[in-house]
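Data block below; observations after.
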Amino acid sequence: MITWKDIEFDTMFTLEQAKTAAWRASEHKRDRPVVQLYLQNEHLLQELVDDLHRGTYRPVKVSPVKIFDPKSNKWRTIVMPDFRDQIVHWMIMLRLEPHMSKTFIHHTVAAIPNRGPALAHKAMRHWANCHKTETRWVVKADIKRYYENIDHDILMAMLSRRVRDKRVLKVIASIVYQYKDGLPLGFYLSQWLSNFYLCEFDHHVKEVLGVKCYLRYVDDLLFAVPTKKMANRVVKAVRMRLHKLGLHIKEVGPGALRVFRWASARFVDYIGVRTHRDGFQELRKKTYLAIRRLAGRIRKRGSASLSQARSLLSRMGFVKHTDCNQFKKEVFITVAQFRLRRIVSNHDKCNAA
């Protein structure tokens with residue numbers, strides 16, 4: 001296994017790194033007083049770097065907050081870290097990200113730059129058009145309570161095989177072991193560590209089980225295989241492999257394990273988009289209605305708030321790559337008519353430090 005030899009404490013935690021990390025962590029929140037405080041006062045960043053070097057840095061434990069996620073239609077427990085801790089998370093990932101990205105398989109499509117849902121939908125369309133015989137059967141599965149079931153010891157053991165510097169591992173451990181169960185949703189560091197935790201699992205699926213058509217969006221797994229026999233074999237092997245990581249597949253409820261034939265009369269619903277056997281793609285009904293209602297509220301009001309502009313622009317990615325041409329046209333007209341890009345751009349310019 002390749003170790004990341006250039007990951008060193010002295011180059012990871014410097015004042016220059018802290019400045020870059022503070023700027024990156026402040027995106028979309030530069031109007032907040034606590035953020036401005038760190039951006040405008042270099043001595044606060046120097047104090048943070050000094051604390052790290054002295055070994056006196058301790059992350060602030062923040063109480064979790066429950067919020068309702070309308071996209072998934074369920075309550076989620078979110079932890080929003082102190083901005084000082086966010087800077088540390090970014091300092092770590094500025095150095096680890098280039099290395100971690102190389103370890104991920106191409107079709108890991110979450111929280112990684114240039115590898116979003118659009119890549120997954122493109123892969124689905126390609127498989128439907130060009131790999132019909134290899135994708136006759138589909139296995140869809142979610143991992144039960146993924147973030148909160150990540151084993152700290154297993155995660156740190158994985159990292160220790162890659163990172164040699166014990167001081168770097170100590171800082172990461174202080175963040176990882178901060179909460180009793182798993183990794184908290186809301187940490188920038190959690191996004192990357194959760195992907196890294198299943199990195200070896202992904203390679204096992206591709207290289208040992210021989211599943212050519214495999215996608216993973218955080219804890220949402222999709223396997224497309226040629227036969228039912230292979231589909232059942234994949235399910236058994238995946239259960240065993242995940243069990244070693246302290247994880248389990250959902251067996252009941254929304255997102256429960258499904259094994260089905262991808263026939264001409266059926267579609268595969270994955271990350272908000274339905275892909276039919278002939279490659280035609282359309283929005284999931286719930287996603288379609290949410291976007292249509294948002295665009296309708298903007299048109300009715302005659303203007304858009306910053307949050308509405310950001311929301312519709314972010315969802316354009318889903319619409320853009322589907323075959324819903326009429327709906328696509330309506331959304332693009334709304335974006336142009338009410339100058340949603342200008343609203344976001346002007347806000348970002350006003351809050352640039």
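All residue numbers refer to positions in the sequence shown, counting from 1. Quick note: numbers below take in every heavy atom, side chains included, and nothing from hydrogens, waters or symmetry partners.
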Side chain to side chain contact (heavy atoms under 4.5 Å, CB included) between S190 and Y147, worked out: CA-CA 8 Å; S190 294; Y147 271 82; 3.9 Å; yes
Can you give me every donor-acceptor pair (side chain of residues 110-122, partner residue at least two apart or in another chain, under 3.5 Å) with its distance?
| unit_1 | atom_1 | unit_2 | atom_2 | d |
| --- | --- | --- | --- | --- |
| R115 | NH1 | I105 | O | 2.7 |
| R115 | NH2 | S101 | O | 3.2 |
| H121 | ND1 | P117 | O | 3.3 |
| H121 | NE2 | Y270 | O | 3.3 |
| H121 | NE2 | I271 | O | 3.1 |

Heavy-atom side-chain proximity of F104 to D202 below 4.5 angstrom: no
By salt bridge (Lys or Arg N to Asp or Glu O under 4.0 Å) - contacts of R145 (at least two apart): E148
Parallel, tilted or perpendicular, as decided by the 30° and 60° cut-offs, for the rings of W127 and H107: perpendicular
Check: R30/S26 side-chain N/O donor and acceptor closer than 3.5 Å: yes
T334 and R299: side chain donor to acceptor below 3.5 Å: yes
Ring geometry between Y146 and Y197 (parallel below 30°, tilted from 30 to 60°, perpendicular above 60°): tilted
Polar side-chain atom of H99 near backbone of I7 as donor-acceptor pair, under 3.5 Å: no
Backbone of K5 reached by a side-chain donor or acceptor of R162 within 3.5 Å: no
With L221, the side-chain contact (heavy atoms from CB on, under 4.5 Å) member among D142, I143, V139: I143
Electrostatic pair R292-E330, nearest N-O below 4.0 angstrom: yes
I249 to R239 - nearest heavy-atom pair and separation: CD1-CG, 4.1 Å
Residues which pass side-chain hydrogen bond (donor to acceptor under 3.5 Å, both in side chains) with W4, listed by chain and number, not counting sequence neighbours: none
F260 and W137 aromatic centres sub-6.0 Å: no
Geometric class of the F187/H89 ring pair [parallel <30°, tilted 30-60°, perpendicular >60°]: tilted
Ion pair D51/R84, N-O distance below 4.0 Å: yes
